[in-house]
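Okay, so here's the structure we're looking at.
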Amino acid sequence: MRRRLSLKMPELPEVETIVCSLRNPADRAFAEGQSLRERPGIVGRQVAGARLNWAKTLALPDWQQFQQEVTGQTVQAVTRRGKFVVIPMGTNTLLFHLRMSGDLRVEPQDAAEQKHDRLLLDFSDGTRLSFNDPRKFGRAWWATDVQSVLGDLGPEPLDEGLTGQEMYARWHRSSRAIKTLLLDQSLLAGVGNIYSDEALFLARIHPLTPGNCLTPVQAEALLAGVRQVLHEGIERNGASIDWVYRGGDFQNYFRVYQRTGEPCTVCGTPIERRVIGQRSSHFCPHCQSFTGCS
DNA sequence: CACGAGACCTGTTCGC
DNA sequence: TGCGAACAGGTCTCGT
């Protein structure tokens with residue numbers, strides 16, 4: 001069954017997809033007739049000016065200082081940390097958090113500004129980076145010390161050095177529901193509401209299981225589940241990406257998320273929805289039965 | 001300190 | 001059709 005999400009889904013895979021599209025895409029195929037200046041990569045481009053349409057979008061510093069310091073800087077790289085987009089430029093770094101509805105586009109400067117464009121950087125080559133964010137939750141930082149913004153983030157789930165043992169130690173310290181712990185960015189960076197539900201389903205763990213009730217085996221399975229759904233998300237989001245239309249189709253492959261009442265793909269039991277930690281949570285009551293706490 | 005509720009926002013969908 | 005309520009991918013702050 002097809003289901004539509006009204007907006008983008010800026011969890012880790014979506015951010016990863018955007019970051020990839022903002023890198024210099026020397027290794028990507030282009031549509032025929034697409035001119036050089038329309039290519040999305042921004043590495044090496046120099047900022048000629050900036051515009052801010054919603055004051056709160058710029059978290060730090062104040063607008064005047066930002067405008068002064070960013071002008072003339074050159075984009076050195078585009079990377080990701082958790083759900084943050086990280087863009088080193090000279091001695092400072094520009095960071096974005098897309099929150100619920102943010103998006104970043106690259107386009108020619110003569111393209112019409114779009115509704116909800118909050119922060120725009122004009123490059124000297126005639127292109128522009130636009131931060132669009134309908135709900136105004138997104139934020140940008142211009143920081144000398146990147147750690148002042150990213151310092152509290154937990155490890156990267158896709159970092160191969162991260163072990164289930166390490167996550168067991170982190171989750172086991174708390175009695176909060178594992179669903180809530182998965183969303184805690186200081187324990188593990190990048191997992192959001194969709195992928196937490198999907199990962200718990202793959203690991204066959206009930207979302208209300210207290211962290212200190214998890215077994216080492218379950219923690220191992222959960223980290224594996226997180227990695228699997230993130231990889232799937234990155235693949236699906238990337239599948240239909242060509243920078244003109246950036247809309248993945250992972251939403252058509254959800255196993256539990258937004259499938260309330262529909263049959264579990266494994267056992268057929270109707271998927272349940274309930275609110276945990278103020279977030280909607282979806283799970284199979286049969287496959288993810290609560291195993292108790294010893 | 002841990003936890004839950006409320007705040008921040010706009011747009012879309014649902015139910016009457 | 002119209003209209004208000006409910007809901008949405010995230011995180012911070014404040015009160016208990």
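All values reported here derive from a predicted model rather than from experimental measurement. Within every chain, numbering begins at 1; the chains are lettered A, B, ... in the order of the sequence lines, protein sequences first and strands thereafter.
Residues in residues 140-168 of chain A take part in these ring pair (Phe, Tyr, Trp, His ring centres under 6.0 Å) pairs, two or more places apart or across chains: A/F66-A/W142, A/F84-A/W141, A/Y168-A/H172.
Here, C/dT11 and B/dT12 have their P atoms 23 Å apart, quoted to the whole Å. Taking atom P in both C/dA5 and B/dA7, one finds a spacing of 16 Å when rounded to whole Å. Between B/dC9 and C/dG4, the distance separating the two P atoms is 22 Å to the nearest Å. Nucleotides C/dA6 and B/dG6 have their P atoms positioned 14 Å apart, rounded to a whole Å. When the P atom is compared between C/dC12 and B/dG11, the two are found 24 Å apart, to the nearest whole Å.
Checking side-chain atoms of A/E272 against main-chain N and O of A/C284 turns up no donor-acceptor pair under 3.5 Å. Distance alone, capped at 3.5 Å, places no donor-acceptor pair between the A/E198 side chain and the A/F254 backbone.
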Report all interatomic pairs (protein N or O, nucleotide N or O of nucleotides 3-5 of chain B) with separations under 3.5 Å.
residue, atom, partner, partner atom, Å
B/dC3, OP1, A/S175, OG, 3.1
B/dC3, OP2, A/R176, NE, 3.1
B/dA5, OP2, A/Q278, OE1, 3.0
B/dA5, N7, A/Q278, OE1, 3.2

Below 3.5 Å is the cut-off: list the nitrogen or oxygen pairs between protein and nucleotides 14-16 of chain C, distance only.
none

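Distance, A/K179 NZ to C/dG9 C1': 11 Å, rounded to whole Å. Per the geometry, CZ belonging to A/R118 stands 10 Å off P belonging to B/dC9, to the nearest Å. Between the CD atom of A/Q258 and the P atom of C/dC7 there is a distance of 13 Å, rounded to whole Å. For A/M100 and B/dG11, the CE to C1' distance is 12 Å, given to the nearest whole Å. Between A/D133 atom CG and B/dG11 atom C1' the separation is 12 Å, expressed in whole Å. To the nearest angstrom, C1' of C/dG9 lies 14 Å from CZ of A/R273. What separates NZ of A/K56 from P of C/dT11 is a distance of 18 Å, to the nearest Å. Atom CG of A/D103 and atom P of B/dG11 are 15 Å apart (whole Å).
Using a 4.5 Å cut-off between side-chain heavy atoms of Ile, Leu, Val, Met, Phe, Trp and Tyr, with links allowed through other members, A/L150 and A/L104 fall into different hydrophobic clusters. Following chains of ILVMFWY side-chain contacts shorter than 4.5 Å, one cannot reach A/L60 starting from A/I87, and the two form parts of different hydrophobic clusters. Using a 4.5 Å cut-off between side-chain heavy atoms of Ile, Leu, Val, Met, Phe, Trp and Tyr, with links allowed through other members, A/I194 and A/L158 fall into the same hydrophobic cluster.
The nucleotide whose nearest atom lies closest to any side-chain atom of A/P134 is, among C/dA8, B/dG11, C/dT11, B/dG11. Taking only side-chain atoms of A/R135, from C-beta outward, the nucleotide of B/dT10, B/dG11, C/dG10 with the closest atom is B/dT10. In this structure, the nucleotide among C/dG10, B/dG11, C/dA8 sitting nearest to the side chain of A/H97 is C/dG10.
Atom CD of A/Q147 sits in a crowded spot, with more than 12 heavy atoms from other residues, nucleotides or ligands closer than 6.0 Å. Around the CD atom of A/Q165, the shell of radius 6.0 Å holds no more than 12 heavy atoms that belong to other residues, nucleotides or ligands.
Considering only residues two or more places apart in sequence or on other chains, A/W171 meets the ring pair (Phe, Tyr, Trp, His ring centres under 6.0 Å) condition with none of them.
Under the 3.5 Å distance criterion, with hydrogens and angles disregarded, no donor-acceptor pair is assigned to the side chains of A/R45 and A/T74.
In terms of phosphate contacts, A/K136 brings a side-chain nitrogen or oxygen within less than 4.0 Å of OP1 or OP2 of B/dT10. Here A/S280 reaches the OP1 or OP2 of C/dA8: one of its side-chain N or O atoms lies under 4.0 Å away. Between B/dT10 and A/H116, no contact under 4.0 Å exists linking OP1 or OP2 to a side-chain N or O. At the phosphate of C/dG9, neither OP1 nor OP2 sits under 4.0 Å from any side-chain N or O atom of A/K83.
A/R81 approaches A/A189 most closely through the heavy-atom pair NH1-CB, 3.7 Å.
Geometric assessment of A/R236 against the ring of A/Y253 yields a positive cation-pi assignment under the 6.0 Å and 45° thresholds.
Here A/F137 lies parallel enough and close enough to stack on the base of B/dC8, with planes under 30° and ring centres under 5.5 Å apart.
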Task: Strand DNA chain B as a dot-bracket string - pairs counted if Watson-Crick or G-U with both distances under 3.5 Å, | where the partner lies in another strand - done: .|||||||.|||||||
- [ ] Verify side-chain contact (heavy atoms from CB on, under 4.5 Å) between A/V226 and A/L182, making sure each step is shown before the conclusion.
- [x] CA-CA 9 Å; A/V226 165; A/L182 272 174; 4.0 Å; yes
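Among the heavy atoms of the strands lying under 4.0 Å from A/R279 is at least one base atom, whether or not backbone atoms are also near. Residue A/R173 is classed as having no contact, given no heavy-atom separation below 4.0 Å to the nucleic acid.
Listed by residue number, A/Q185, A/G192 are the residues of residues 182-192 of chain A with a heavy-atom contact under 4.0 Å to DNA chain C.
In this structure, A/C293 and A/C213 have their SG atoms less than 2.5 Å from one another.
Inter-residue side-chain proximity for A/F131 and A/L129 is flagged as unmet; no heavy-atom pair is nearer than 4.5 Å.
Rounded to the nearest 0.5 angstrom, A/L98 CG and A/R139 CZ are separated by 12.5 Å.
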